[in-house]
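To keep things clear, I will list the structure first and then write my remarks on it.
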Amino acid sequence: QLVVIPASYSTPADPAPVPASYSTPYATPAAASPAPIPVVSFHDLSPHDLSPPSLAPLAASLSAAFSSHGFAILSNVSLPAAPELLAAAEGFFGEPLEAKMRHSHGPYGTPEGGYTPQGTESVSATLASSAPHARRTGADRVENFVFRSMHSDDRDERLHPPELYTAGKRYFDEASGVLRLLNRLACEALGCPDAEYFNRRFWDGKGSNFDATPQNGNSLRLSHYPPAAPPTCAADGCGGEAERIRYGAHTDYQTFTLLLQDPRDHRGGFGGLEVLVGADWVPVLPPEGNNPGTVSLIVNCGDLTEVWSNGLWKSNLHRVTNPTSEEGWAQGRISVPFFTGPKDDTLVEPLAAAVERAGGRRFESVGAKEHLMRKLGLSNE
Ligand SMILES: O=C(O)CCC(=O)C(=O)O
Ligand SMILES: [Fe+2]
């Protein structure tokens, strides 16, 4: 039976209720346990040798992680602009609201990107109410700046605050390079008709020489979860404001998300990203101690990756929890997802090899842009 995208993403095997511990934010948080999300090191990867035999071991590790969790933590990924971008983001979000609003161009997901203040998104509304773990958690406690595309004609101060532009552009290019590599690895693992099958659906060009960026779904988002006073039962009523999570449970809408995390996540009661593993919400803890000049990067599969892989790889539920310490509330949090998606007019359909492997086709084809717009519309309601 075919699953029609995007009715009820996603359907983990065990529809257990949200654990009670999340309605009591001041309960002692469970001791952080090591991330069960598989860690895959890019240490040995040479960008000069991307031949199938040299990619095969890494492709197999990623495929195992995406099949079981829909998530992998990549360590030792070269993204030299990351520290500069985080610092620039911190500076921008520290500006007064009216200065930031000068870079607002509409609701979250608007083609120009730009700034969206807190209260714009309610991402938990993107899950069908019948989906396991669906639970409306209201407006997300996040403000964003989005680089929607980086064409040369976007060098416009109205679209890009000058203090963000340089680091944003560098990081966008670097992350695009990581995406190209991931797309090659994905082709190796899933059995694409050829090695650049995915890349050709993001960029125009010949062979592996992609030189033109048409309108695709790639966007770089700087997310700031602002400092706030810790909610109290007395002020908000238990079960109300106090239990809200920072960013509601959802699956990502498109293909891979490359997420640069706040390294303080889950340390000292700072809250952070959690992924559904079986029936449990499990904290994602990026490892420290990467090689100099490299970072840990979390990569997860979005809805369209699930379709391309015919369900072999999961578009898994995740969310961001509130801090549980005074210090965590006082600090705020920054994360940087690079959302990726193919060209707007791409019809995403399960790969023939993945259909064969699963013994049948499990997903309907879906228009890339159509699916994105539908999800954005639900979140902005
Ligand atoms: O801030 C994070 O760590 C993740 C947020 C997220 O899941 C998203 O923006 O899609
Ligand atoms: Fe997400």
Side-chain angles (χ1 to χ4, degrees), residues 6 9-10 12 35 37 66 69-74 82 85-86 89-90 93 107-109 113 115-116 118 120-127 131 133-134 137 139-148 175 217-227 244-267 270-277 281-286 295-306 313-323 328 331-341 371-372 375-376 378-380:
Y9 257 91
S10 117
I37 313 295
F66 293 153
H69 293 75
F71 272 74
I73 298 174
L74 309 184
L85 181 64
L86 289 169
E90 194 109 25
F93 289 121
Y108 179 77
Y115 177 73
T116 47
Q118 242 192 121
T120 314
E121 275 181 288
S122 302
V123 75
S124 63
T126 61
L127 290 180
H133 294 273
T137 46
D140 300 305
R141 297 168 180 272
V142 68
E143 57 179 343
N144 297 292
F145 185 89
V146 174
F147 296 96
R148 181 60 186 82
N218 293 353
S219 68
L220 176 63
R221 157 166 159 158
L222 311 176
S223 298
H224 182 230
Y225 301 78
R244 276 200 194 154
I245 56 179
R246 259 179 167 169
Y247 197 71
H250 66 284
T251 63
D252 286 349
Y253 316 152
Q254 308 181 81
T255 54
F256 293 125
T257 299
L258 283 54
L259 180 68
L260 186 64
Q261 279 290 47
D262 193 317
R264 294 168 302 196
D265 266 16
H266 303 296
R267 296 177 176 102
F270 277 61
L273 179 66
E274 294 187 340
V275 172
L276 192 68
V277 181
W281 288 104
V282 171
V284 181
L285 285 158
V295 294
S296 287
L297 194 67
I298 291 149
V299 175
N300 62 290
C301 303
D303 300 346
L304 300 181
T305 304
E306 190 167 275
W313 292 355
K314 308 277 178 294
S315 179
N316 200 358
L317 283 168
H318 53 285
R319 65 184 191 181
V320 178
T321 55
N322 277 331
Q331 278 294 320
R333 171 178 186 267
I334 285 187
S335 71
V336 182
F338 179 62
F339 297 111
T340 76
H371 181 65
L372 175 63
K375 286 270 182 153
L376 287 169
L378 288 168
S379 181
N380 284 321

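We number each residue from 1, following the sequence as shown. All ligand and atom numbering here is 1-based and tracks the order in the structure.
Note that CG of Leu273 is 9.5 Å distant from CH2 of Trp281, once rounded to the nearest 0.5 Å. Distance check: Phe256 CZ to Leu297 CG gives 11.5 Å after rounding to the nearest 0.5 Å. To the nearest 0.5 Å, the span separating CD on Gln261 from CD1 on Ile334 amounts to 12.0 Å. For the atom pair CZ (Phe147) and CG (Leu85), the distance works out to 6.5 Å, reported to the nearest 0.5 Å.
Of the residues His318, Lys314, His69, the one that meets the side chain to side chain contact (heavy atoms under 4.5 Å, CB included) test with Asn300 is His318.
Of all heavy-atom pairs spanning Gly341 and Asn218, the tightest one is N-OD1, 3.0 Å.
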Evaluate the criterion side chain to side chain contact (heavy atoms under 4.5 Å, CB included) for residue pair Asp262 and Phe270; output intermediate values, then yes/no.
CA-CA 10 Å; Asp262 193 317; Phe270 277 61; 5.9 Å; no
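Below 4.0 Å from some heavy atom of Gln261 lie the following atoms of ligand 1, by number and element: 3 (O). Within ligand 1, the atoms closer than 4.0 Å to a non-hydrogen atom of Phe339 are 8 (C), 9 (O), 10 (O), numbered from 1 in the order shown. The contact set between ligand 1 and Leu259, taken as ligand atoms under 4.0 Å from a residue heavy atom, comprises 3 (O), 4 (C).
Of all protein heavy atoms, the one lying nearest to atom 3 (O) of ligand 1 is Arg333 NH2, 2.7 Å. Here the protein heavy atom with the shortest distance to atom 2 (C) of ligand 1 is Ser335 OG, 3.4 Å.
Counting heavy atoms under 4.0 Å from ligand 1, residue Asp265 does not touch it at all. Under 4.0 Å from ligand 1, not a single heavy atom of Asp262 appears. Only the side chain of His318 comes within contact range of ligand 1, with a heavy atom under 4.0 Å; no backbone atom does.
The shortest separation from a heavy atom of Arg319 to ligand 1 is not under 4.0 Å, leaving the residue out of contact. Contact between Arg246 and ligand 1 is absent, with no heavy atom of the residue lying under 4.0 Å from the ligand.
The Fe ion (ligand 2) lies at the vertex of an angle of 90° between the OD1 atom of Asp252 and the NE2 atom of His318 (rounded to 10°).
For the residues Tyr253, Tyr225, Tyr247, the heavy atom positioned nearest atom 8 (C) of ligand 1 is part of Tyr247.
Counted by atom type alone, Ser379 and Thr126 present zero donor-acceptor pairs between their side chains at under 3.5 Å.
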